[in-house]
Amino acid sequence: MSATEAPEVPLSVQQEFLCLWDKGDDMGPFGPRFHIVDGWRVRGAIDLTVLQAALDDVVERHEALRTTVVRGEGGGHQRIFGASIVPLEVRDLPATDPSDTRPRDLLAEELLNEIAADTISVRRLPLLRAVLGRFDGEDAVLALIAHHTAVDAWSMQVILRDLAALYAERAGASGPALGEAPQYREYAQWQRTDEALEAGRSARAFWRAELEGARALALPTDRLRSREPVFTTAWHRFSYGEELCTAAGQVAAATRSSPFMVLLAAFNVFLHRQTGDTDVVVPTFTPGRSQARFQDAVGSFFNFLPLRTDLGGCATFREVVGRTRTACLKAYTREIPLAHVLEEAPDLMERVAVDGLASCVFQVIQTPFTMADEHVGPLAYSAIRRKVLSQPVGSDIPDGMLLCLETDASGDLIGELGFSSNLYDESTVVALVAGFREVLQELLTAPDAPLPDYRNRTDTQE
């Protein structure tokens, strides 16, 4: 189908929200580094002709990868184009040289960092490209880069899962059968149905009451945004170790909470000690796929959810976990797009707009479909999740900081903190990561120890 034949499809609420923050094609949500880069180790002999065909099949299967967001005054729309060839770059990695003593895992991570420092234009379709780095004929790294307006973290796993199945099919091997793929435009259209609007009305009433008088977290910056308006995103990566990971799991089991709730509770305590606030509102990312029909779709479904926790009167960390758990359960069952939340709580992001303050988003990554030595046809795939190399330029985040934690396959609690390098020095980021580790160590090892008196306060950050 050509662009002229395709009807104009309405934008999703998420796309409309991105348009509000549009800074052109050079920076912001439509900029060249607003992308996602994921990588997998692939074992087995890869046929490049088959891989190219399978990549092109993925673009044919998922319209979002060949869709542009038409922006402009008076509202925008989606325009869906016909399928086109996915750029595929093939490299021979240094480990093929016997004199190179660096471990292959490290070389794989260096490749992913190099790709993440690169760009992808929102104007050039498809919004996906691939790099295959080969150590030898049986061991390779497959890296996929896609523009974030077309995909989210969940989508990247769907793309790889489908790519593996389509590769197996084209290679003449048995593999999982793929059903018909739901399309992102169907989601945008569903958002305008009576079903979605009715669910949204009750959720709006909840958020209007829940966020009355609330202000989202904002932390002081090292430099003023007005003096350094052009930004890039740097990434500081770290490990908190197996001991803290195990302790978080134990507290989660004892309190009937998820590890996310426990780690967020500790972050709430950390923030209280940084700011003095007992009324803490931390934004987090959510998959935005409450409708099961869209779980196999590719698109930008991700959403922000403000989680408000009152620490006032909590005597122990166990009580903080209980408060945080309650806040999470209430919020997740009433998830609606952030744009709709802000219509009910227009002052929520007031602090973030202050020059000298910036947002800090907290996330514990729990991505579905993550492959770990999973055999699909002639190849085996393992997601590259553990990263230890920081980088000065990588995938862009919204203005401010994004703290991500994740449990890797070895049981280690790993993390990365993305930050706008025009606003923050690396030393500030390193200190934040170290300070949070100290709080985690204190709280997780003694969840029933007395905490300072968290009196009800209405402090505001100056």
Side-chain angles (χ1 to χ4, degrees), residues 38-41 43 101-110 112-113 141 153 157 235-271 273 282 284-285 316-318 320-322 324-325 328 360-374 380-391 394 401-419 426 429-449 451:
D38 272 347
W40 295 263
R41 291 291 287 275
R43 310 284 182 175
T101 59
R102 287 174 295 174
R104 290 187 173 187
D105 288 349
L106 192 62
L107 287 162
E109 188 179 345
E110 288 176 351
L112 295 182
N113 278 5
V141 178
Q157 305 306 316
W235 290 87
H236 171 68
R237 297 189 170 101
F238 57 92
S239 165
Y240 279 157
E242 295 180 26
E243 180 183 343
L244 286 181
C245 185
T246 300
Q250 290 172 342
V251 174
T255 57
R256 296 184 298 114
S257 304
S258 68
F260 169 81
M261 295 172 183
V262 172
L263 294 169
L264 175 60
F267 193 57
N268 285 334
V269 173
F270 172 75
L271 293 173
R273 296 180 182 180
V282 178
T284 189
F285 284 116
T316 66
F317 178 59
R318 190 182 298 273
V320 176
V321 173
T324 304
R325 178 181 184 274
C328 289
C360 181
V361 179
F362 180 84
Q363 182 180 23
V364 176
I365 298 175
Q366 302 172 78
T367 306
F369 318 129
T370 301
M371 292 186 175
D373 196 27
E374 185 169 338
Y381 302 82
S382 294
I384 299 174
R385 303 305 307 171
R386 182 181 182 84
K387 297 180 181 179
V388 297
L389 299 177
S390 299
Q391 60 185 126
M401 290 193 285
L402 169 61
L403 175 59
C404 303
L405 299 176
E406 181 176 4
T407 302
D408 78 352
S410 69
D412 190 1
L413 184 59
I414 58 176
E416 56 183 2
L417 198 159
F419 60 99
E426 185 177 7
V429 170
V430 171
L432 187 150
V433 168
F436 185 40
R437 188 193 191 288
E438 291 177 3
V439 171
L440 278 173
Q441 182 74 37
E442 170 197 337
L443 300 176
L444 295 177
T445 55
D448 294 308
L451 292 174

Tell me whether the count of non-hydrogen atoms from other residues, nucleotides or ligands lying under 6.0 Å of CD in Gln441 goes above 12.
yes
With rounding to the nearest 0.5 angstrom, report the [atom1] to [atom2] distance, [X] to [Y].
| X | Y | atom1 | atom2 | answer |
| --- | --- | --- | --- | --- |
| Leu263 | Thr324 | CG | OG1 | 11.0 Å |
| Arg43 | Glu374 | CZ | CD | 15.5 Å |
| Cys328 | Met261 | SG | CE | 5.0 Å |
| Cys360 | Phe267 | SG | CZ | 4.0 Å |
| Glu110 | Gln391 | CD | CD | 11.5 Å |

State, yes or no, whether a side-chain contact exists between [X] and [Y] at a heavy-atom distance under 4.5 Å.
| X | Y | answer |
| --- | --- | --- |
| Thr284 | Leu264 | no |
| Leu451 | Leu443 | yes |
| Phe285 | Leu402 | yes |
| Asn268 | Val282 | yes |
| Met401 | Leu417 | yes |
| Tyr240 | Leu440 | yes |
| Phe419 | Leu432 | no |

Work out which heavy atom in [X] is nearest to a heavy atom in [Y]; give both atom names and the distance.
| X | Y | result |
| --- | --- | --- |
| Gly39 | Leu112 | CA-CD2, 3.8 Å |
| Ser382 | Ala372 | OG-C, 3.8 Å |
| Met371 | Tyr381 | SD-CB, 3.5 Å |
| Ala247 | Leu444 | CB-CB, 3.8 Å |
| Ala383 | Thr370 | CB-CG2, 3.6 Å |
| Ser257 | Val262 | CB-CG2, 4.2 Å |

Test side chain to side chain contact (heavy atoms under 4.5 Å, CB included) applied to Val141 and Arg41, step by step:
CA-CA 5 Å; Val141 178; Arg41 291 291 287 275; 3.7 Å; yes
Glu416/Arg237 salt bridge by N-O under 4.0 Å criterion
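Salt bridge: yes.
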Let me see the working for Asp38 and Ile384 under side chain to side chain contact (heavy atoms under 4.5 Å, CB included), right down to the final yes or no.
CA-CA 8 Å; Asp38 272 347; Ile384 299 174; over 6 Å; no
Which salt bridge (charged side-chain N to carboxylate O under 4.0 Å, His left out) pairs, counting each pair once, include a residue from residues 403-412, with sequence neighbours left out?
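Found Arg385-Glu406, Arg386-Asp408, Arg386-Asp412.
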Is the side chain of Glu109 donor-acceptor paired with the backbone N or O of Val388 at a distance under 3.5 Å, no angle test?
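Judged by distance alone, yes, a pair lies under 3.5 Å.
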Derivation and outcome, side chain to side chain contact (heavy atoms under 4.5 Å, CB included), residues Arg325 and Thr255
CA-CA 9 Å; Arg325 178 181 184 274; Thr255 57; 5.7 Å; no
Report the residue from Gln250, Arg318, Glu442 that forms a side-chain contact (heavy atoms from CB on, under 4.5 Å) with Pro447.
Arg318
Single hit among Leu405, Val430, Val429 for side-chain contact (heavy atoms from CB on, under 4.5 Å) with Phe238:
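For Phe238, the side-chain contact (heavy atoms from CB on, under 4.5 Å) check succeeds only for Leu405.
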Could you walk me through whether Trp40 and Gln157 pass the side chain to side chain contact (heavy atoms under 4.5 Å, CB included) check?
CA-CA 10 Å; Trp40 295 263; Gln157 305 306 316; 4.0 Å; yes
Could you check whether the rings of Phe436 and Phe362 sit parallel, tilted or perpendicular, using 30° and 60° as the cut-offs?
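Ring orientation of Phe436 relative to Phe362: perpendicular.
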